[in-house]
Protein chains: 2
Amino acid sequence: MEPLVVRLRNRGWRLTAQRRVIAEVMAGEHVHLAADEVFDRARAVLPEVSRATVYNTLNELVGMGELLEMTHADGRKRYDPNVEERHHHLLCVDCGRMLDVTADDPSLPDDQRHGFELLGIEVTFRARCPACVRATATPS
Amino acid sequence: MEPLVVRLRNRGWRLTAQRRVIAEVMAGEHVHLAADEVFDRARAVLPEVSRATVYNTLNELVGMGELLEMTHADGRKRYDPNVEERHHHLLCVDCGRMLDVTADDPSLPDDQRHGFELLGIEVTFRARCPACVRATATPS
DNA sequence: GTCCCTGCAAACGTTTTGCACACAG
DNA sequence: CTGTGTGCAAAACGTTTGCAGGGAC
């Protein structure tokens, strides 16, 4: 697939310096950033980026389907640039690190559907990452 | 299992009118309420309940393991009183209604564990409920 | 009587919005 | 040139906290 910035230009998206930097931050990250983290990284590259523009731009990207919005238990929204492949998430409940993983979807038995029209399935594997396991291991 | 209020008293929880009302609201609801919705329902029964007490009490109940805290994509925390049986959730993405369902857990292949220590699995079936499907059906 | 819980209001962190100016097209 | 994106600051939102008074045990 074409790079994110190219896809956006092809959709007639007005490309400003701020938007390009924000899109590049998202495209370059494999972790799932909160808006404020995107703001920090974007500002490091281009200081004349405002918080409002980061929020506005992220919301637009979500609306265009170029970004997935997720809610991490800390109450902040996180943004996932991986919209190409279906995937689930592996979350470290201690440090908040989140990785993409692939696993089979669970299925919902007919008698549990309650007449709902199924659209998608979200799976989060709650876990502790190696670093956090090591940090709490009984010190010798 | 004993009623929630009984379990709480047995743990030495100081039982005030406000706390009892909040616990009863949670016990009586099969939906997954946000703190403000709990506040409204509690105040309908007992007007002298403050928002702060609702928040404090919900956090205590979560800490005691009598309530599960979940984050619904609208950014508000929701509280699930069903701690007895393992279950997943069926969410209407239009109106936000959320039901408990039982389904098999998906499994995470070894080559996808990245060394993490698995603790639990959260599954949300994203869907549209019958009422919302009907609301958007092509009008004849 | 003691200590914990309560209400109130202010503080907090995140996200949204109103407005005049600036720049991409 | 025009229309849309921008920065700034203020507001909105859900939640937490500090404090003095009150009620459960």
Side-chain angles (χ1 to χ4, degrees), chain A residues 5-6 8-26 32-64 66-80 96, chain B residues 5-6 8-26 32-64 66-80 96:
Chain A
V5 179
V6 176
L8 294 172
R9 188 155 41 74
N10 289 346
R11 286 179 180 229
W13 207 51
R14 190 174 222 163
L15 198 52
T16 65
Q18 291 86 339
R19 288 180 167 187
R20 186 168 19 77
V21 170
I22 294 167
E24 281 167 0
V25 165
M26 292 312 299
H32 302 78
L33 300 175
D36 230 62
E37 295 165 334
V38 177
F39 175 54
D40 288 342
R41 284 170 161 74
R43 207 174 29 168
V45 178
L46 182 76
E48 40 282 321
V49 172
S50 73
R51 207 179 297 268
T53 296
V54 170
Y55 279 101
N56 290 341
T57 303
L58 289 174
N59 283 342
E60 280 176 59
L61 291 173
V62 171
M64 292 185 205
E66 295 289 354
L67 229 48
L68 299 175
E69 188 178 283
M70 47 188 25
T71 27
H72 181 290
D74 66 359
R76 300 193 294 172
K77 294 180 187 168
R78 303 258 167 177
Y79 297 90
D80 181 351
Chain B
V5 180
V6 176
L8 294 172
R9 188 157 39 74
N10 290 345
R11 287 180 182 230
W13 206 51
R14 189 174 226 165
L15 198 51
T16 65
Q18 291 85 339
R19 287 180 169 188
R20 185 166 23 73
V21 170
I22 294 167
E24 282 166 0
V25 166
M26 292 312 300
H32 301 77
L33 300 174
D36 232 61
E37 295 165 334
V38 176
F39 175 55
D40 289 341
R41 283 171 161 75
R43 205 173 33 169
V45 178
L46 182 77
E48 40 283 320
V49 172
S50 72
R51 208 179 296 269
T53 297
V54 171
Y55 279 102
N56 289 342
T57 303
L58 289 174
N59 283 341
E60 279 177 59
L61 290 173
V62 171
M64 293 185 202
E66 295 289 353
L67 229 48
L68 299 175
E69 188 177 285
M70 48 189 22
T71 28
H72 182 291
D74 66 0
R76 301 191 293 173
K77 294 179 186 170
R78 304 259 167 174
Y79 296 90
D80 181 351

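Keep in mind the model is a prediction, meaning the values are calculated, not measured. We name chains A, B, ... by the order of the sequence lines, and we start the count at 1 in each one.
- Comparing A52(A) and P47(B) along DNA chain C, the residue whose closest nucleotide (by nearest heavy atom) sits nearer the 5' end is P47(B).
- Electrostatic pairing of R51(A) and D36(A) counts as a salt bridge here, judged by a charged N lying under 4.0 Å from a carboxylate O.
- In terms of heavy-atom proximity, M64(A) sits nearest to W13(A) at CE-NE1, 2.7 Å.
- E69(A) and R78(A) are not joined by a salt bridge, as no carboxylate oxygen comes within less than 4.0 angstrom of a charged side-chain nitrogen.
- In this model, the phosphate group of dT16(C) is approached by a side-chain N or O of K77(A) to a distance below 4.0 Å at OP1 or OP2.
- Look at CZ on R11(B): it is 18 Å from P on dC4(C), rounded to the nearest Å.
- For N56(A) and dG5(D), the shortest distance from a side-chain N or O to OP1 or OP2 is not below 4.0 Å.
- Closest approach of V54(A) to I22(A), counting heavy atoms only: CA-CD1, 3.8 Å.
- Atoms CZ (R78(A)) and P (dT15(C)) sit 10 Å apart, rounded to a whole Å.
- Between Y55(B) and A35(B), the closest heavy-atom pair is CE2-CB, 3.4 Å.
- Not one side-chain nitrogen or oxygen of Q18(A) sits closer than 4.0 Å to the OP1 or OP2 atom of dG5(D).
- Ion pairing between a basic and an acidic side chain is recognised when a charged N comes within 4.0 Å of a carboxylate O; R19(B) and E24(B) show no such pairing.
- Rounded to an integer number of Å, the gap from CZ of R14(A) to C1' of dT2(D) is 8 Å.
- Contact annotation for A34(B): no contact, since no heavy-atom pair falls under 4.0 Å across all strands.
- A close approach under 4.0 Å does occur between a side-chain nitrogen or oxygen of T53(B) and OP1 or OP2 of dG7(C).
- With rounding to whole Å, L58(A) atom CG is found 14 Å from dT14(C) atom P.
- Between R9(B) atom CZ and dC25(D) atom P the separation is 9 Å, expressed in whole Å.
- In this structure, the separation between NE2 on H32(B) and CG on L67(B) is 10.0 Å, given to the nearest 0.5 Å.
- Between Y55(B) and dT16(D) there is no side-chain N or O to OP1 or OP2 distance below 4.0 Å.
- When the side-chain nitrogen and oxygen atoms of T16(B) are compared with OP1 and OP2 of dT6(C), one or more of them lie within a distance under 4.0 Å.
- One finds a side-chain N or O of R19(A) lying less than 4.0 angstrom from the OP1 or OP2 phosphate oxygen of dG5(D).
- The CG-C1' distance, from N10(A) to dG25(C), rounds to 16 Å in whole Å.
- In this entry the distance linking CH2 of W13(A) with P of dG25(C) reads 11 Å, nearest Å.
- For the atom pair K77(B) NZ and M70(B) CE, the distance stands at 13.0 Å (nearest 0.5 Å).
- For N59(A), taking side-chain heavy atoms from C-beta onward, the closest of the listed nucleotides dT15(C), dT16(C), dC8(C) is dT16(C).
- When rounded to the nearest whole Å, the span between CG of L15(A) and C1' of dG3(D) equals 17 Å.
- A17(B) comes within contact range of no nucleotide atom at all, as no heavy-atom separation falls under 4.0 Å.
- One axis for each end of the helix from dG1(C)-dC25(D) to dG25(C)-dC1(D), each built from five base pairs, and the angle between them comes to 40° at 10° resolution.
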